[in-house]
**Student:** 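Got a structure for you, questions after.
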Amino acid sequence: MATNFLVHEKIWFDKFKYDDAERKFYEQMNGPVAGASRQSSGPGASGGPGGDHSELAVRIASLEVENQNLRSVVQDLQQAIARLEARLSMLEKSSPAHRATAPQTQHVSPMRQVEPPAKKAATPAEDDEDNDIDLFGSGDEEEDKEAARLREERLRQYAEKKAKKPLLVAKSSILLDVKPWDDETDMAQLEACVRSIQLDGLVWGGSQLVPVGYGIRKLRIQCVVEDDKVGTDLLEEQITKFEEHVQSVDIAAFNKI
């Protein structure tokens with residue numbers, strides 16, 4: 001009885017073969033599945049046909065959701081590309097470079113030969129004006145003479161102004177030491193002799209008696225001279241003429257003014 005029951009009972013002894021075939025099919029379509037699914041599809045896996053169908057239904061549902069997401073992403077990208085293309089076309093149409101590259105065609109009429117204008121006959125008034133034109137530049141000569149006269153006048157005025165301006169005279173301040181012969185020389189008389197020298201460009205200044213030694217004093221006197229008129233050699237020559245009172249003359253200081 002037991003043997004007859006097993007003969008008539010339909011038991012799925014080779015289910016693992018069909019599971020492997022199904023797994024290979026989905027791997028070819030969607031790539032290899034997760035490790036958990038591989039373990040559940042082995043020859044020693046437990047579970048009946050209901051568990052396999054539920055797992056397949058879950059996979060199909062997840063694939064449909066993923067497919068819908070991909071479709072929505074593709075649609076968004078297509079819309080963004082369409083907007084960019086529309087904007088780019090508007091910018092190209094409104095840009096000056098696009099206008100320059102696509103100039104409007106204009107109708108050009110065939111070139112016609114233009115006749116030169118007829119020479120107008122000269123009127124008597126125009127002939128008179130032509131006769132009045134000076135071909136030899138007499139007017140230019142008169143202008144040159146006037147310019148030369150103005151230039152000479154300005155030069156003359158400048159020379160007069162320069163002549164009126166006082167010239168700077170070079171002067172020098174000289175300090176002289178006039179030595180007497182001895183201590184008996186009258187120093188007041190010696191100074192009077194020196195100041196009696198009058199020259200053009202010579203002005204005497206202050207003076208003092210400076211002790212030399214042994215009761216002898218020398219006359220130190222200052223004067224201002226014009227360099228072009230009076231020199232130191234001339235002063236020494238004029239002072240040493242008074243031989244009775246003057247022994248020698250030395251220049252103690254010399255400064256330009």
**Student:** Begin from the C-alpha positions of Leu235 and Leu202 and carry the test side chain to side chain contact (heavy atoms under 4.5 Å, CB included) through to its verdict.
**Tutor:** CA-CA 9 Å; Leu235 282 175; Leu202 171 64; 3.9 Å; yes
**Student:** Just how far is it from atom CD1 of Ile239 to atom CG of Leu190, taken to the nearest 0.5 Å?
**Tutor:**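 If we round to the nearest 0.5 Å, Ile239:CD1 and Leu190:CG are 9.0 Å apart.
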**Student:** Testing the 3.5 Å rule here: is there a donor-acceptor pair between the side chains of Ser173 and Gln222?
**Tutor:**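 Yes, because at least one side-chain N or O of Ser173 sits under 3.5 Å from a partner of the opposite role on Gln222.
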**Student:** How long is the straight-line distance from CG of Leu70 back to CG of Leu63, given to the nearest 0.5 Å?
**Tutor:**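 Reported value, rounded in 0.5 Å steps: 10.5 Å.
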**Student:** Given side chains that start at C-beta, do those of Gln78 and Val74 come closer than 4.5 Å, heavy atoms only?
**Tutor:**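 Gln78 vs Val74: side chains touch.
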**Student:** Could you walk me through whether Phe254 and Thr232 pass the side chain to side chain contact (heavy atoms under 4.5 Å, CB included) test, one step at a time?
**Tutor:** CA-CA 10 Å; Phe254 185 94; Thr232 56; 3.9 Å; yes
**Student:** Give the cluster check for Ile251 versus Ile197: same hydrophobic cluster or not, with ILVMFWY residues linked at side-chain heavy-atom distances below 4.5 Å.
**Tutor:**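 Shared cluster, yes.
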**Student:** Could you go through the salt bridge (Lys or Arg N to Asp or Glu O under 4.0 Å) check for Arg149 and Glu153 one step at a time?
**Tutor:** CA-CA 6 Å; Arg149 188 185 64 80; Glu153 180 66 21; 5.6 Å; no
**Student:** Show the atom names and distances, to 0.1 Å, of all donor-acceptor pairs under 3.5 Å that link a side chain in residues 174-182 to residues at least two apart or in another chain.
**Tutor:**
unit_1: Asp177; atom_1: OD1; unit_2: Arg220; atom_2: NE; d: 2.8
unit_1: Asp177; atom_1: OD2; unit_2: Lys218; atom_2: NZ; d: 3.2
unit_1: Asp177; atom_1: OD2; unit_2: Arg220; atom_2: NH2; d: 3.2
unit_1: Lys179; atom_1: NZ; unit_2: Asp250; atom_2: OD2; d: 3.3
unit_1: Trp181; atom_1: NE1; unit_2: Glu243; atom_2: O; d: 2.7
unit_1: Trp181; atom_1: NE1; unit_2: Val246; atom_2: O; d: 3.3
unit_1: Asp182; atom_1: OD1; unit_2: Glu184; atom_2: N; d: 3.1
unit_1: Asp182; atom_1: OD1; unit_2: Thr185; atom_2: N; d: 3.3
unit_1: Asp182; atom_1: OD1; unit_2: Thr185; atom_2: OG1; d: 3.1

**Student:** Can you name the closest pair of heavy atoms from Leu234 and Lys229 and give their distance?
**Tutor:**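 So the minimum-distance heavy-atom pair works out to CD2-O, 4.3 Å.
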**Student:** For residues Arg195 and Ser207, determine if any side-chain heavy atom of one lies less than 4.5 Å from a side-chain heavy atom of the other.
**Tutor:**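 Arg195 vs Ser207: side chains touch.
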**Student:** Flag the pair Arg156 and Glu152 as a salt bridge only when some basic side-chain nitrogen lies within less than 4.0 angstrom of an acidic carboxylate oxygen.
**Tutor:**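 Looking at Arg156 and Glu152, the cut-off is not met.
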**Student:** Any side-chain heavy atom of Ser72 sitting closer than 4.5 Å to one from Gln68?
**Tutor:**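 SC-SC contact between Ser72 and Gln68 ruled out.
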**Student:** Where the side chain of Gln247 meets the backbone of Glu244, is there a donor-acceptor pair that is under 3.5 Å apart?
**Tutor:**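 No, the answer is negative, given that no donor and acceptor are paired below the 3.5 Å cut-off.
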**Student:** Any salt bridge between Glu27 and Lys24, counting N to O under 4.0 Å?
**Tutor:**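 No.
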**Student:** In chain order, what residues pass the side-chain contact (heavy atoms from CB on, under 4.5 Å) check against Arg83, with sequence neighbours excluded?
**Tutor:**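 With sequence neighbours excluded, Arg83 shows a side-chain contact (heavy atoms from CB on, under 4.5 Å) to Gln79, Ala80, given in chain and number order.
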**Student:** Are Lys241 and Glu237 close enough for a salt bridge, meaning some N to O gap below 4.0 Å?
**Tutor:**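 Here Lys241 does not pair with Glu237 in a salt bridge, since their nearest N and O are not under 4.0 Å apart.
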**Student:** Within a radius of less than 6.0 Å around CD of Gln157, do more than 12 heavy atoms belonging to other residues, nucleotides or ligands occur?
**Tutor:**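 Counting neighbours around CD of Gln157, more than 12 heavy atoms of other residues, nucleotides or ligands fall under 6.0 Å, so yes.
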**Student:** Are the side chain of Trp204 and the backbone of Gln198 linked by a donor-acceptor contact shorter than 3.5 Å?
**Tutor:**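 The answer is no, because no donor-acceptor pair under 3.5 Å joins these two groups.
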**Student:** Answer yes when Asp183 and Arg217 have at least one side-chain N-carboxylate O distance shorter than 4.0 Å, and no when they do not.
**Tutor:**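 No, no charged N to carboxylate O under 4.0 Å.
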**Student:** Would you give the length of the straight line joining atom CD of Glu191 to atom CG of Asp186, rounded to the nearest 0.5 angstrom?
**Tutor:**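 That separation rounds to 10.5 Å.
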**Student:** Roughly how far, to the nearest 0.5 Å, is NE2 of His245 from SG of Cys193?
**Tutor:**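 Going from SG on Cys193 over to NE2 on His245, the span is 5.0 Å.
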